[in-house]
Protein chains: 2
Amino acid sequence: MKNNGSIETGCLHCNVRLSSVFNVLDQEQTQELCAHKSCAVYKKGQYVFTENGLPNGLFCINSGKIKLTTTGYDGKEQILRLVKSGDILGYRALLSNERYHCSAVTLEDASICIIDKKYFFDALAASPKLMFEVVKKMSHDLKTAEDHIVSLSQKNVRERMAEALLFLKATYGFEEDNQTLNVSLSREEIADYVGTSTESCIRLLSEFNTDKLIQLKGKKISILNLQKLIQTANIED
Amino acid sequence: MKNNGSIETGCLHCNVRLSSVFNVLDQEQTQELCAHKSCAVYKKGQYVFTENGLPNGLFCINSGKIKLTTTGYDGKEQILRLVKSGDILGYRALLSNERYHCSAVTLEDASICIIDKKYFFDALAASPKLMFEVVKKMSHDLKTAEDHIVSLSQKNVRERMAEALLFLKATYGFEEDNQTLNVSLSREEIADYVGTSTESCIRLLSEFNTDKLIQLKGKKISILNLQKLIQTANIED
DNA sequence: GCAGAAACATGATTAAAATCATAAAAATTA
DNA sequence: TAATTTTTATGATTTTAATCATGTTTCTGC
């Protein structure tokens, strides 16, 4: 009885797995993995885990988008990372044996597996390959965070806003029309990523809209002039 | 011929090793390590590695302090991390098989070992314990970076300046007098960490000095009123 | 010890962005 | 569908911090 779930949720048949850190596992290891995970469905806006909580497993996003946020001073939110299907979630606190220092909230309905903590550690110790994959993921997140630091330190709000739109494109890509960002964030959420006030965020997006860099339709943002947006973000000189 | 260096530089007798990621190695592994490292001395202001360079080993700080900086837009420097003896250096690019995305510059004369790349990877694969130590280090650096993001996003320059002084205290500690920060940075370097202009940095430090929060003597900064500095940094409410 | 350069200091001005205020539009719920 | 709340929008004002300008001190090399 290796497979607790239905055939659809079996890891061997999971096409997201192939683009995840678990792609390095062989068939046997994958079945082991499958036996130690459980899957859950989350509604939009639900918490997957919360700040200060203790991790008891590794989350793996099957479908859906998630924001990692932390509550700063005066209760203001800060979006630290954005996560998509195939990504692992909650690995930092788990690996360093600490409490979560941020919360994970779904941006849309999501399906998420949780892999048993003990099994995951054993799997890591048994498979250097898997460990290296996780290290690469963390390394990438560290680089992204440090890029963000430079941006926050040295760029003005307009540049950071343009950069944020490019980041959303890089993270979630476009819809079928090849220009609409495949994620819906409120202006406040965008501001919480960019590090500005909601009003400034609204103002700048309106301005980009007027200047035909982007097109706004409710929460949907389309990139009309990628080249000019890159210029506005002032990426490399 | 296991030991290339003098007895003083042998890893077995290195007291810095015990507070480093390599403390998990046994005697035999430590001798192996010793056979695959070489040690070098750097003068203050020297580059250990530079942005865009290719890593060919892991650096381990024997003595001395190092700043990790990246060149932002308009050539402005950003200090990303501060490194001290016992710390490893240049691990991110090495582990993710990328070029360095920042440069490492010594803040004072330093003695630094470099551990052969191939050996280090083999050692990691052979010792999950060592790997976990490295992962913990990266995890810590990621948390620090994300804390910095929140600070840059949500705090004003005065708060960040106070926070930076507390960070220097946490990183390098005090001198024997138990109040003077055990590191010498120029005002410009502090500004490059805080994310402000050199002038604003100078002004705020003078102000803290006038307000008796700190005492300035050239590059030496003493913390006179820790409690008030914590208040000024607006850490937790 | 001196000359030049770099770092530190401080005032004046300008620019950027936050905050405050108000209102319209959209979404949610009764 | 009407009522209420939330989100988006935009103008006016204030605050913050950058920039510009100038002078002083400290450091460094000869």
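Atoms considered below: every heavy atom in the structure, side chains included; atoms not considered: hydrogens, waters and symmetry mates. Values in this document were obtained by computation on a predicted structure and should not be read as measured data. A note on names: the letters A, B, ... follow the listed sequences, proteins ahead of strands, and every chain is numbered from 1.
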*What integer distance in Å separates B:I202:CD1 from D:dG23:P?*
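My rounded result for the distance is 17 Å.
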
*Indicate the atoms forming the closest heavy-atom contact of A:R17 with A:C11, along with that distance.*
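Scanning both residues completely, I find the closest heavy atoms to be NH1-O, 3.3 Å.
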
*Respond yes when some side-chain nitrogen or oxygen of A:S206 is under 4.0 Å from OP1 or OP2 of D:dT10, and no when none is.*
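So the side chain of A:S206 is within the cut-off, an N or O lying under 4.0 Å from OP1 or OP2 of D:dT10.
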
*To the side chain of A:R203, which of D:dG11, D:dT8, D:dC20 is closest?*
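Among D:dG11, D:dT8, D:dC20, the one nearest the side chain of A:R203 is D:dG11.
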
*asked:* I need the CD-P distance between A:E188 and D:dT5, as an integer number of Å.
replied: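 Roughly 18 Å, once rounded to whole Å.
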
*Could you give the NZ-to-P distance, from A:K44 to D:dT6, as a whole number of Å?*
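Between P of D:dT6 and NZ of A:K44: 15 Å.
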
*What is the distance from NZ of A:K155 to C1' of D:dA18, rounded to the nearest Å?*
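Those two atoms, NZ and C1', are 18 Å apart.
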
*Just by modelled atom types, is the A:F59 backbone N or O under 3.5 Å from a matching donor or acceptor in the A:Y91 side chain?*
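Pair absent, no side-chain N/O of A:Y91 close to backbone of A:F59.
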
*Whole angstrom is fine here: how far is it from CD in B:E199 over to P in D:dA21?*
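From B:E199 CD to D:dA21 P: 12 Å.
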
_Between D:dA17 (P) and A:Q154 (CD): distance, integer Å_ =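 Result: 17 Å.
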
*Sidechain-backbone polar pair: B:T180 side chain, B:S222 backbone, donor-acceptor under 3.5 Å*: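 Side chain of B:T180 to backbone of B:S222: no pair is present.
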
*asked:* A quick test of your reading: do over 12 heavy atoms of other residues, nucleotides or ligands sit less than 6.0 Å from NZ of B:K76?
replied: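 More than 12 within 6.0 Å, yes.
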
*How long is the span from the CD atom in B:E163 to the NE2 atom in B:H148, to the nearest 0.5 Å?*
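Answer for the CD-NE2 pair, B:E163 versus B:H148, is 8.0 Å.
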
*Heavy atoms only: give me the nearest B:Y47-B:Y42 pair and the separation to one decimal.*
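Reported closest heavy-atom pair: O-CE2, 3.9 Å.
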
*How close or far is atom C1' of D:dT16 from atom CZ of B:R160, stated in whole angstroms?*
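To the nearest whole Å, that distance equals 11 Å.
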
*Heavy atoms of chain B, cut-off under 4.0 Å: which first and last nucleotide of DNA chain C, 5' to 3', fall inside that, if you could look?*
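Counting from the 5' end, contacts occupy C:dA7 to C:dA12.
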
*Look at all strands and tell whether B:R158 reaches a base, only sugar-phosphate, or nothing, counting heavy atoms closer than 4.0 Å.*
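The residue B:R158 makes no contact with any strand.
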
_So does A:V194 get a backbone contact from the side chain of A:R160, meaning a donor-acceptor N/O pair under 3.5 Å?_
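At least one qualifying donor-acceptor pair exists.
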
_Using a 4.0 Å heavy-atom cut-off, does B:S197 contact any base of the nucleic acid, only the sugar-phosphate backbone, or nothing at all?_
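Base contact.
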
_Under 4.0 angstrom between B:T196 side-chain N/O and D:dA17 OP1 or OP2_ =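 Indeed not, no polar side-chain atom of B:T196 lies that close.
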
*Candidates D:dT8, D:dT19, D:dA17 - which lies nearest the side chain of B:V157*: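 From the listed options, D:dA17 comes nearest.
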
*Give the rounded distance in Å between these two atoms: CG of A:L216 and C1' of D:dT7.*
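Those two atoms, CG and C1', are 14 Å apart.
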
